[in-house]
Amino acid sequence: MSTTVSAKRLAKALASHNIFAEREGNILRVQSTLRADVRAEILLPESLPLEAKAVSQLLAFAGMRHPLGGHVCRACATPDFHPGAPVPVGSILVTNHDFVVPESIGRDINCGMRLHVIDVPLERFLAHKERLVALLKGDLLEAARNVPTTPGAMTALFADGLGAFWRAMRNTREGLFEKIDFAQVEAETARLFYASHVKGNPAYAPEALQDTRRGLLRDPGLATLGAGNHFCEFQYVAQVLDRHRAFELGVRPGQLALMVHTGSRDVGSYIGTRWMDRAKAEWPAGVKHPESGLYGLCGPLAAEYLTAMHAAAHYADANRALIVELVRQRIRQVFGDQAMPLVCDVPHNIVLSEAGGNVHRKGATPAHAGQALLIPGSMGDDSYLLDGLGHERWASSASHGAGRAVSRMEMAWKSKHDGQAGGQRPFECITLREERRIEEAPGAYKPIGPVITSQVEEGLARPIARFSPLLTFKA
């Protein structure tokens with residue numbers, strides 16, 4: 001069962017799942033009592049909750065082996081660690097270079113976050129907020145957006161990434177693209193994390209989006225947030241913690257900011273599902289299937305998966321960039337000419353081939369030395385911009401958020417029976433679905449303070465600026 005435990009009951013709760021645990025400061029070392037070689041580390045202060053189910057899931061992945069030689073070299077987790085389906089969120093798996101585990105990131109390939117700053121005074125923003133919300137509600141929640149694409153542009157996107165997509169769309173001056181500043185978006189794309197520039201394979205992407213017999217397409221998934229914990233949030237810079245680095249990134253105290261959190265939508269589901277199914281189908285004949293039900297891919301198939309995965313990852317890049325462009329054009333409509341420059345865009349649900357092996361990050365962001373990254377809190381709590389420090393013990397990774405403390409089902413129960421689902425932190429959520437305010441309320445999440453502090457103290461990242469929420473859009 002999944003049990004949230006206090007520090008005193010932790011050992012007993014884990015022992016019932018055949019797990020031995022020992023703590024050293026903020027680090028919890030866990031090991032299977034059934035297999036001595038299956039172990040992992042979790043960076044988790046004692047003040048934060050831990051579910052035994054999440055630890056069991058992490059060790060199940062840590063123990064993966066493939067008959068053709070694939071294995072997990074390291075398994076660890078960040079402070080936003082909590083159960084997933086079936087991979088725990090906040091986990092990092094490092095495998096040898098010839099081995100990948102498609103199920104480690106599943107269907108929401110390259111779910112990630114993008115941050116822009118806005119040079120509109122807070123008072124002016126609040127004075128015109130209702131008009132802006134009405135416009136964005138149509139774009140983000142009511143399918144009023146007009147985002148045409150062409151089959152050729154989609155193939156270019158799946159193969160070569162967002163830069164190729166912009167080039168292919170330059171002559172399509174319709175809908176969103178009628179007023180887009182291509183020079184700006186292309187310059188922003190050049191600054192994206194290196195994964196955004198890795199080749200993808202369009203052969204594994206949906207054919208319907210690449211059918212050259214069609215003219216303009218209006219993909220129902222592109223420029224959409226999706227459900228769950230995805231969001232589009234207006235914030236303001238509450239505190240600058242590293243003035244020199246903040247200046248380099250264009251961040252100043254009192255600025256407004258826009259943070260977008262979403263992924264690859266139906267394209268990620270399409271590619272992820274097929275490769276998870278293929279991993280099972282390709283299991284060597286006559287070899288006993290793993291009791292965990294988890295399957296990996298070895299050799300050429302592992303390399304081919306990565307090219308298919310990057311096709312979906314490029315789609316996620318475009319999805320975030322186009323949502324930002326929807327907002328940018330509405331900001332200009334309400335407040336006049338605004339550059340709204342990019343600060344950073346980071347993935348947190350992706351497999352990347354790095355020096356130490358194939359690093360599978362499930363709800364964890366790359367945190368290489370000098371790389372800007374984002375760790376958001378709930379929509380009632382602060383978010384942080386940080387620099388990675390390249391900590392090898394944690395595979396140059398950091399958390400992607402605060403992490404859930406209460407499941408969606410439990411939040412719904414609390415709302416129905418005691419009316420306490422929201423917690424004490426104030427928040428403003430723009431949504432068409434009342435359940436989003438309940439399931440994603442601040443009370444569902446861990447406090448961001450200890451999540452950030454523990455990673456700073458351990459040397460995973462260094463804070464640059466703190467942002468406080470103003471209003472959040474949830475689909």
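Counting from 1, the numbers follow the sequence of the chain as shown. No hydrogens, no waters, no symmetry mates; every other heavy atom, side chains included, goes into these values.
Contact record, L385 with L374: CD1-CD2, 3.8 Å, taken as the closest heavy-atom pair. The two atoms that bring I109 and I271 nearest to each other are CD1-CG2, 4.2 Å, heavy atoms only. For the pair A364 and I92, the tightest heavy-atom approach, listed with the atom from each and the gap, is CB-CG1, 3.8 Å. In terms of heavy-atom proximity, R361 sits nearest to S397 at NE-OG, 2.8 Å. Of all non-hydrogen atoms in R173 and E178, the two that sit nearest each other are NH2-O, 3.4 Å. The minimum heavy-atom distance between L140 and C232, with the atom names listed, is CD1-SG, 4.0 Å.
Ring geometry, F177 versus F182: the interplanar angle falls under 30°, so the pair is classed parallel (tilted spans 30 to 60°). Between H314 and H310, the angle of the ring planes lies from 30° to 60°, which puts this pair in the tilted group.
Without hydrogens or angle criteria, N319 side chain to T224 main chain gives a donor-acceptor distance under 3.5 Å.
When V359, I105, V101 are each tested for a side-chain contact (heavy atoms from CB on, under 4.5 Å) with V351, only one passes: I105. Here the options are R167, R191, R170, the test is salt bridge (Lys or Arg N to Asp or Glu O under 4.0 Å), and the partner is E186; only R170 passes. With R404 as the partner, the salt bridge (Lys or Arg N to Asp or Glu O under 4.0 Å) test is satisfied by one option alone out of E440, E439, E410, E51: E440. The side-chain contact (heavy atoms from CB on, under 4.5 Å) with H360 is formed by just one residue from the set P102, S104, S91; it is S104.
In this structure, F467 and L115 have side chains that are in contact, with non-hydrogen atoms separated by less than 4.5 Å.
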Would you check, one step at a time, whether the test ring-ring contact (aromatic ring centres under 6.0 Å, His included) holds for F125 with F234?
CA-CA 10 Å; F125 174 84; F234 286 94; 5.2 Å; yes
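Counting only N and O atoms by type, the side chains of Q371 and Y194 include no donor and acceptor under 3.5 Å apart. Residues D219 and Y315 bring a donor and an acceptor atom of their side chains to less than 3.5 Å of each other. Remark: the E325 side chain and the Q329 side chain contain an N/O donor-acceptor pair separated by less than 3.5 Å. Defined by atom type and a distance below 3.5 Å, a donor-acceptor pair is present between the side-chain atoms of S196 and D317. For the residue pair S399 / Q455, a side-chain donor-acceptor distance below 3.5 Å is found, with atom types taken as modelled.
In this structure R332 satisfies the side chain to side chain donor-acceptor pair (under 3.5 Å) test together with Q184, sequence neighbours excluded.
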